[in-house]
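Note sheet for the following structure.
Starting from 1, each residue takes its place in the sequence as its number. All values below come from the heavy atoms of this structure, side chains included, with hydrogens, waters and symmetry mates left out. For ligands, and for the atoms within them, numbers begin at 1 and follow the listed sequence.
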Amino acid sequence: MIVGIVGCGAIANLITGFVRDGKVPVELGFFYDRDLERAENLASMVDGTAVLDVTDMLPHVDLVVEAASPEAVRELVPGILEAGRDVVVMSVGALMDPELRSLLEKKASENNAEIHVPSGAIVGLDGLKAASMGSIRSVKLVTRKPPRSLGISMDEKKVLYTGKASEAVKRFPLNINVAAALSLACGRDIDVEIIADPAVDRNVHEVTVKGDFGEFKTITENVRCSINPKTSVMAAYSAIRLLKSLSENMHIGT
Ligand SMILES: NC(=O)C1=CN([C@@H]2O[C@H](COP(=O)(O)OP(=O)(O)OC[C@H]3O[C@@H](n4cnc5c(N)ncnc54)[C@H](OP(=O)(O)O)[C@@H]3O)[C@@H](O)[C@H]2O)C=CC1
Ligand SMILES: O=C([O-])CC(=O)C(=O)O
């Protein structure tokens, strides 16, 4: 499988390192970023090609990993699907827009392409998907990040947001994709609280789900990426595992 990457930052760096080290059986051939130098740097790690425009990679790839921004999902993913290429979407928050989501689903189905959304920086999506086969009463996410991860500076713990996931992804577009992944996995706009906490040095996500299956709670205490503290290493690992799964014949978990 030949893979291209859109967005050459923290997540793309980790993916490229794993491919270079032979830990994922894909060929990472093409790299695009609005900063060409970032694309060239990653391309040089795996003998790939940096392109000036996403359309330059499309004739040569089977799948594109979007690891850029919600704006890139809106602007670039429709064209990738139109070309019949599969997509892995990391900026899941963009998919909370129902119009964009149905446009992408339509383009995927018309062009025999698939959209994959990795579980990202949280655990528990498997259980949530299974639980949603029954009836779910509530899903709540509490995200606690160091102020620096949220791009702010403060000495006291502060609740920055309480409300629904759909609004959270608009207010914190680069910080709460996990809320979108949870919402899409269970088909409801979940409850979200975002806390800036100078006492933590990890990105911590607590998910509580209640339904007719019983209830579960997951806590993920994520190490942050060195080149982008907003982003947890686990988010990149989930994309890497997904790429590996796509070349396997047995699939474990929902
Ligand atoms: N699903 C999940 O659980 C998680 C998802 N994410 C999301 O994944 C995405 C990637 O994260 P990460 O690697 O940390 O991000 P980075 O900011 O480290 O890297 C993203 C790169 O993509 C570039 N970029 C952004 N928009 C575009 C565009 N429209 N066209 C071309 N290049 C673009 C950025 O440029 P510039 O710097 O100029 O903006 C930057 O070089 C983000 O949207 C992030 O919010 C992150 C963590 C968890
Ligand atoms: O990486 C994380 O911990 C979560 C994150 O930024 C996001 O969901 O956008």
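In this structure, Asn13 contributes its side chain and Leu42 its backbone to no donor-acceptor pair below 3.5 Å. Between the Tyr32 side chain and the Val6 main chain, no donor and acceptor come within less than 3.5 Å of each other. Looking only at distances, no side-chain donor or acceptor of Arg38 sits under 3.5 Å from a matching main-chain atom of Gly7.
Only the backbone of Lys230 comes within 4.0 Å of ligand 2, judged by heavy-atom distances. Only the side chain of Asn177 comes within contact range of ligand 1, with a heavy atom under 4.0 Å; no backbone atom does. Contacts between Ile11 and ligand 1 below 4.0 angstrom, taking non-hydrogen atoms only, involve backbone and side chain alike. Using a 4.0 Å cut-off between heavy atoms, Ala236 makes no contact with ligand 1 at all. Under 4.0 Å from ligand 1, the heavy atoms of Ala235 that appear belong solely to its side chain. Using a 4.0 Å cut-off between heavy atoms, Val178 contacts ligand 2 through both its backbone and its side chain.
The shortest contact between atom 31 (C) of ligand 1 and any protein heavy atom is with Arg34 N, 3.3 Å. Remark: minimum distance from atom 3 (O) of ligand 2 to any protein heavy atom is reached at Ser232 OG, 2.5 Å. Looking only at protein heavy atoms, the nearest one to atom 5 (C) of ligand 1 is Met90 O, 3.2 Å. For atom 3 (O) of ligand 1, the closest non-hydrogen atom on the protein side is Ala121 N, 3.0 Å. Taking atom 23 (C) of ligand 1 as the reference point, the nearest protein heavy-atom neighbour is Asp33 OD2, 3.3 Å. From the protein, the heavy atom lying nearest to atom 9 (C) of ligand 1 is Ser91 OG, 3.5 Å. Looking from atom 41 (O) of ligand 1 to the surrounding protein, the closest heavy atom is Arg38 NH1, 2.5 Å. Atom 17 (O) of ligand 1 has as its closest protein heavy atom Asn228 ND2, 3.5 Å. In terms of protein heavy-atom proximity, atom 24 (N) of ligand 1 is nearest to Ala68 CB, 3.7 Å.
Salt bridge annotation for Glu248-Arg241: present, with a cationic side-chain nitrogen under 4.0 angstrom from a carboxylate oxygen. Using a 4.0 Å cut-off between a side-chain N of Lys or Arg and a carboxylate O of Asp or Glu, Lys140 and Glu206 do not qualify as a salt bridge. No salt bridge links Glu114 with Arg85; every basic N to acidic carboxylate O contact stays at or beyond 4.0 Å. A salt bridge does not link Lys145 to Asp197: none of the charged nitrogens lies less than 4.0 Å from a carboxylate oxygen.
When the options Leu246, Val26, Ile2, Ile80 are evaluated for a side chain to side chain contact (heavy atoms under 4.5 Å, CB included) with Leu63, the one that passes is Leu246. For the side chain to side chain contact (heavy atoms under 4.5 Å, CB included) with Leu141, the qualifying choice from Ile176, Ile194, Asp191, Thr218 is Ile176, the only one to do so.
Between Phe30 and His60, the two ring planes are parallel [angle under 30°; tilted spans 30° to 60°].
Under a 4.0 Å heavy-atom criterion, His205 is in contact with ligand 2. Under a 4.0 angstrom heavy-atom cut-off, Leu174 registers as being in contact with ligand 2. At a 4.0 Å cut-off, at least one heavy atom of Cys8 sits close enough to ligand 1 to count as contact. Residue contact check for ligand 2: Arg224 places no non-hydrogen atom closer than 4.0 Å to it.
Distances below 4.0 Å separate heavy atoms of Ala121 from the following atoms of ligand 2: 1 (O), 2 (C), 3 (O), 4 (C). Listed by atom number, the atoms of ligand 2 under 4.0 Å from Asn177 heavy atoms are 7 (C), 8 (O), 9 (O). With ligand atoms numbered from 1 in the order given, ligand 2 contributes 1 (O) to contacts under 4.0 Å with heavy atoms of Thr231. For ligand 1, the atoms closer than 4.0 angstrom to any heavy atom of Val178 are 3 (O).
At under 3.5 Å, a nitrogen or oxygen of Ala10, whether backbone or side chain, sits near a nitrogen or oxygen of ligand 1. On a distance-only criterion, Ser69 and ligand 1 share at least one N/O pair closer than 3.5 Å.
The closest non-hydrogen atom to atom 47 (C) of ligand 1, taken over Leu76, Val6, Val117, Thr231, comes from Thr231. The residue from Arg202, Met234, Glu221, Lys145 that puts a heavy atom closest to atom 5 (C) of ligand 2 is Lys145.
Note that CG of Asp35 and CD of Glu40 are 9.0 Å apart. Values are rounded to the nearest 0.5 Å.
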